[in-house]
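Quick notes on the structure that follows.
The figures that follow rest on heavy atoms only: side chains count, while hydrogens, waters and symmetry mates do not. In what follows, chains are A, B, ... by sequence order, proteins preceding strands, each numbered from 1.
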Number of protein chains: 2
Amino acid sequence: MILSTKGRYGVRAAFDLALHYGEGPITLKSISERQNLSDPYLEQLIAILRKDGLVTSVRGAQGGYLLSRHPSKISVGDILRSLEGPMAPAECVLDDQDKECIKADYCVTRILWEKIMDSIDKVIDSISLQDMADDYERIEKDYTQEEGENVDKKKSLC
Amino acid sequence: MILSTKGRYGVRAAFDLALHYGEGPITLKSISERQNLSDPYLEQLIAILRKDGLVTSVRGAQGGYLLSRHPSKISVGDILRSLEGPMAPAECVLDDQDKECIKADYCVTRILWEKIMDSIDKVIDSISLQDMADDYERIEKDYTQEEGENVDKKKSLC
DNA sequence: CTTAATCCCGACTGATTTAGTAGGGATTAC
DNA sequence: GTAATCCCTACTAAATCAGTCGGGATTAAG
């Protein structure tokens, strides 16, 4: 049940934008460098976020991307659902008449999928990009300073 | 983020076994008929559950499958993790040194994935097959009696 | 002892999704 | 005018999904 890179990279990109919120347009290239992502690929992901109104773009030289709202008003859930679709474990819990289960609202399995979806939504909607940025300021910065260049090559970022 | 059919069908099969717990070996064929699943495919899924010790088999004529423990002692999480692997949104939260994130335990993104995984685990581990069977006895049976043959062909089971 | 009902196992496959790459077009600050 | 950007479409290799297929092993029942 691993999320695809879309959702994972997308969260990292959005988190990066949150860290630089208020600094004007951030270029795709700087995001992909800091986050270690292929930039043509990241471009596609940001395009989705833009279509969903989570990110705004400024074209031309000195252009770049910005979060369209304050980071405290954008949740990780907004980003994940935009890129991955609804966090439904099964199609039957989607708001789509055709995808509805034959047994409709008295289906035990459906109740299960709904409980799972609700619990995922609850967590991801309760965490904003601002929360992540705050956590970063609190814990991550200290470490990165004292860290040398001796990173284990087998390991990657998440 | 839709679960694969493995997990979804597997839960239905396990639920079916829970409903017939105590009735001796249940044949694959009867499960696949009741649950409307292809039986060679279901066979593969049950093989996984068997290898993970959740289901026991009895070979030969009059054989079939049984839950290896009382339905109240098997959670939906046991079934799902057996078939789908750990409910981790990213590899870095797995207990595997090599898959660990470079930034290890001070990575903000990792904390996020962990929170999501924990919340999924909490729900799926809190629901046992017995719980599902009980729900079924309570709500589903009433409906199926009064229901006619007029099912919407576009819809399926979940 | 034969037979039918079962489970058991590995190989194969078409369709879809994933995780990108490639290449060029449009826009704008300088 | 030009360099730095974002914007868009098309392509692709590899992996995964969702099965199918065919035969082998085991055992209860007659």
Side-chain angles (χ1 to χ4, degrees), chain A residues 1-13 17 20 23-33 35-68 80 83-85 89-91 156-158, chain B residues 1-13 17 20 23-33 35-68 80 83-85 89-91 156-158:
Chain A
M1 257 269 297
I2 295 209
L3 280 176
S4 73
T5 51
K6 273 194 202 169
R8 301 202 320 272
Y9 295 179
V11 167
R12 274 163 59 191
L17 286 175
H20 297 91
E23 301 175 13
I26 308 296
T27 64
L28 185 80
K29 206 163 164 242
S30 75
I31 303 175
S32 62
E33 266 167 16
Q35 299 296 325
N36 219 63
L37 301 170
S38 126
D39 58 64
Y41 186 44
L42 183 56
E43 195 169 20
Q44 291 180 52
L45 308 187
I46 295 217
I48 299 172
L49 296 176
R50 193 172 53 84
K51 269 172 204 129
D52 285 346
L54 295 164
V55 158
T56 315
S57 62
V58 177
R59 304 186 68 173
Q62 315 304 110
Y65 296 96
L66 308 89
L67 294 177
S68 59
L80 285 178
L83 293 164
E84 299 271 352
E91 289 192 325
S156 56
L157 261 74
C158 70
Chain B
M1 257 269 297
I2 295 209
L3 280 177
S4 73
T5 52
K6 273 193 201 169
R8 303 202 319 272
Y9 295 179
V11 166
R12 275 163 62 190
L17 286 175
H20 297 90
E23 300 175 14
I26 308 296
T27 65
L28 185 81
K29 207 164 163 240
S30 75
I31 303 175
S32 62
E33 266 167 16
Q35 299 294 327
N36 218 62
L37 301 170
S38 126
D39 58 63
Y41 187 44
L42 184 56
E43 197 170 19
Q44 292 181 51
L45 309 187
I46 295 217
I48 299 172
L49 296 176
R50 193 173 52 84
K51 270 172 204 129
D52 285 345
L54 296 163
V55 159
T56 314
S57 61
V58 177
R59 304 187 69 172
Q62 315 304 111
Y65 296 96
L66 309 90
L67 294 176
S68 59
L80 284 178
L83 293 164
E84 300 272 352
E91 289 191 325
S156 56
L157 260 75
C158 71

Subject >> Criterion side chain to side chain contact (heavy atoms under 4.5 Å, CB included) on A:Val55 and A:Leu67, from CA distance to verdict >> reply: CA-CA 4 Å; A:Val55 158; A:Leu67 294 177; 4.3 Å; yes

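- Pairing each heavy atom of B:Ala90 with each of A:Arg8, the nearest pair is CB-CD, 3.5 Å.
- In this structure, A:Ile2 atom CD1 and C:dA19 atom C1' are separated by 15 Å, rounded to whole Å.
- Listed by first and then second residue, the side-chain hydrogen bond (donor to acceptor under 3.5 Å, both in side chains) pairs involving residues 57-68 of chain B amount to none (not counting sequence neighbours).
- In plain terms, the two heavy atoms of A:Leu157 and A:Gln35 that are nearest each other are CD2-O, 4.3 Å.
- With a heavy-atom cut-off of 4.0 Å to chain B, the contacted part of DNA chain D has its first and last nucleotide at D:dA18 to D:dA28.
- Every side chain to side chain contact (heavy atoms under 4.5 Å, CB included) that B:Ser4 has, sequence neighbours left out, goes to B:Lys6, B:Glu84.
- The side chain of A:Ser38 places an N or O atom within less than 4.0 Å of a non-bridging phosphate oxygen (OP1 or OP2) of C:dT21.
- A distance of 13.0 Å separates CE of B:Met1 from CG of A:Leu83, quoted to the nearest 0.5 Å.
- To the nearest 0.5 Å, atoms CD (A:Glu43) and CZ (A:Arg50) are separated by 10.0 Å.
- Taking a 4.0 Å limit (strictly below) on heavy-atom distances, residues 42-50 of chain B reaches DNA chain C at B:Glu43, B:Arg50.
- Taking A:Leu42 as the reference, A:Ala13, A:Leu28, A:Ile31, A:Ser32, A:Leu37, A:Leu45, A:Ile46 meet the side chain to side chain contact (heavy atoms under 4.5 Å, CB included) condition, with sequence neighbours excluded.
- Comparing B:Glu84 and B:Asp39 by the nucleotide of DNA chain D that holds the closest heavy atom to each, the one mapping nearer the 5' end is B:Glu84.
- The side chain to side chain contact (heavy atoms under 4.5 Å, CB included) test applied to B:Ser38 returns B:Pro40, B:Tyr41, not counting sequence neighbours.
- The two residues B:Ser30 and B:Ile26 have their closest heavy-atom pair at OG-CG2, 3.4 Å.
- Scored by the side chain to side chain donor-acceptor pair (under 3.5 Å) test, B:Asp52 finds B:Ser82 as partners (sequence neighbours excluded).
- Looking at residues 4-12 of chain B, you'll see B:Ser4, B:Thr5, B:Tyr9 sit with a heavy atom under 4.0 Å from some atom of DNA chain D.
- DNA chain D lies under 4.0 Å from at least one heavy atom of each of the following residues of residues 51-63 of chain A: A:Ser57, A:Val58, A:Arg59, A:Gly60, A:Ala61, A:Gly63.
- No engagement by A:Leu3 is indicated, since no non-hydrogen atom pair under 4.0 Å with the nucleic acid exists.
- With sequence neighbours left out, A:Leu66 forms a side chain to side chain contact (heavy atoms under 4.5 Å, CB included) with A:Pro25, A:Val58.
- For A:Glu91, the salt bridge (Lys or Arg N to Asp or Glu O under 4.0 Å) partners are A:Lys99, not counting sequence neighbours.
- Rounded to whole Å, the distance from CD1 on B:Ile31 to C1' on C:dA5 is 15 Å.
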